[in-house]
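Here is the naming used below: chain letters follow the sequence lines, and residue numbers restart at 1 for every chain. Predicted model only: the values in this text are computed from it and were never measured.
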Protein chains: 2
Amino acid sequence: MNKMAGKTVGERVIVVMGMAFSREDCPVRDVIDNIGGKWNTLMILALADGPMRFSALRRLIPDISQRMLTQTLRDLQRDGYIGREVFPTQPPSVEYRLTPLGQSFLVLVKGLVDWSKEHHDAIRAARAEYDAAAA
Amino acid sequence: MNKMAGKTVGERVIVVMGMAFSREDCPVRDVIDNIGGKWNTLMILALADGPMRFSALRRLIPDISQRMLTQTLRDLQRDGYIGREVFPTQPPSVEYRLTPLGQSFLVLVKGLVDWSKEHHDAIRAARAEYDAAAA
DNA sequence: CGGAATCCGAGGCGATACTG
DNA sequence: CAGTATCGCCTCGGATTCCG
């Protein structure tokens with residue numbers, strides 16, 4: 001048994017840098033799971049400029065299967081990053097857009113992109129060196 | 001065939017917000033793959049306070065199997081986030097520490113953690129609402 | 001147009017046992 | 001102490017087909 005912030009916790013808890021992470025109900029896990037997916041971050045970026053329809057997203061990201069497009073959109077919608085609006089046209093059209101939460105998260109994603117570009121060479125170099133040493 | 005930044009590219013390229021992402025050799029993918037793993041971010045955080053030995057990391061993160069501990073450390077080392085130092089003692093001891101690249105990345109991870117904590121409630125709420133509507 | 005349902009292979013990850 | 005090797009589950013994600 002452990003005490004934390006006045007609340008008794010019986011679950012497994014990992015404490016790093018004064019922060020406690022529990023395996024279940026971990027705030028970070030909820031977010032990691034979303035950016036860890038293959039298409040999630042790209043989808044956030046795709047919607048950064050404004051609302052987009054399903055078919056427009058397909059055209060923008062040709063490599064994605066419609067199965068994964070649907071699933072990615074559902075996942076992001078479920079966690080509140082994006083909103084979905086159906087227009088009763090014939091045939092129906094559906095529009096997706098970033099929610100305020102999604103826009104807030106977009107800032108992080110952009111930061112991630114910038115960092116990646118800046119340190120891409122260093123990463124590739126480290127990888128090449130490691131692989132060379134292993135051989 | 002497409003022209004981009006004066007360089008001919010034959011591969012599939014996705015352009016979002018004026019930024020081009022290629023499926024192969026994508027800077028962001030290299031980074032996403034590392035934070036997407038189950039233990040990678042936690043490992044970065046674990047090493048934030050300073051160098052740590054293999055066994056110390058095992059104690060700090062009881063839930064991880066030694067297989068995944070080894071593999072996670074290897075992956076992060078390969079991409080240059082952490083360094084590995086072997087001390088010729090008996091029995092041998094190995095120390096892991098963040099490289100400058102890792103320390104730089106730590107800043108992003110911390111930002112991710114902070115954001116997660118701040119918006120955790122909103123995410124959980126959105127999820128609950130979505131699930132309720134689906135039922 | 002915007003999906004859902006199904007099938008299937010590849011890889012992530014855990015459990016266990018063994019080693020210098 | 002700090003790993004490696006092997007096995008097997010199970011999820012992720014692609015291809016295909018069908019639907020309102």
Would you mind reading off the distance between A:Met43 atom CE and D:dG13 atom P, rounded to a whole angstrom? 12 Å
Can you measure B:Asn40 atom CG to C:dG12 atom P for me and round it to whole angstrom units? 11 Å
Tell me whether the count of non-hydrogen atoms from other residues, nucleotides or ligands lying under 6.0 Å of CD in B:Gln103 goes above 12. yes
Between C:dG3, D:dG20, D:dG14, which one does the side chain of A:Thr70 approach most closely? C:dG3
B:Ser55 side chain N/O closer than 4.0 Å to the phosphate oxygens (OP1, OP2) of D:dA2? yes
Return the minimal non-hydrogen interatomic distance between A:Gly37 and B:Arg29, and the atom names on each side. O-NH2, 4.2 Å
Reckon A:Arg58 touches a base, only the sugar-phosphate, or nothing at all at heavy-atom distances under 4.0 Å? nothing
Atom CH2 of A:Trp39 and atom P of D:dC12 are separated, to the nearest Å, by 16 Å
Looking at A:Arg74, does any N or O in its side chain come under 4.0 Å of the phosphate oxygens OP1/OP2 on C:dA4? yes
Is there a continuous path of hydrophobic side-chain contacts, each under 4.5 Å between heavy atoms, that joins A:Leu60 to A:Leu106? yes
From CD of B:Gln66 over to P of C:dT19, roughly how many Å is that when rounded to an integer? 15 Å
Spacing of B:Arg67 atom CZ relative to C:dT16 atom C1', expressed in whole Å: 12 Å
To the nearest angstrom, the OH-P distance between B:Tyr96 and D:dA2 comes to 8 Å
By nearest nucleotide on DNA chain D, pick out whichever of A:Met68 and A:Pro92 is the more 5' one. A:Met68
Between atom CG in A:Leu42 and atom P in D:dG13, what is the gap in whole Å? 13 Å
With heavy-atom distances below 4.5 Å as the criterion, would you say the side chains of A:Val31 and B:His120 are in contact? no
Rounded to whole angstrom units, what separation is found between the CG atom of A:Asp33 and the P atom of D:dG13? 11 Å
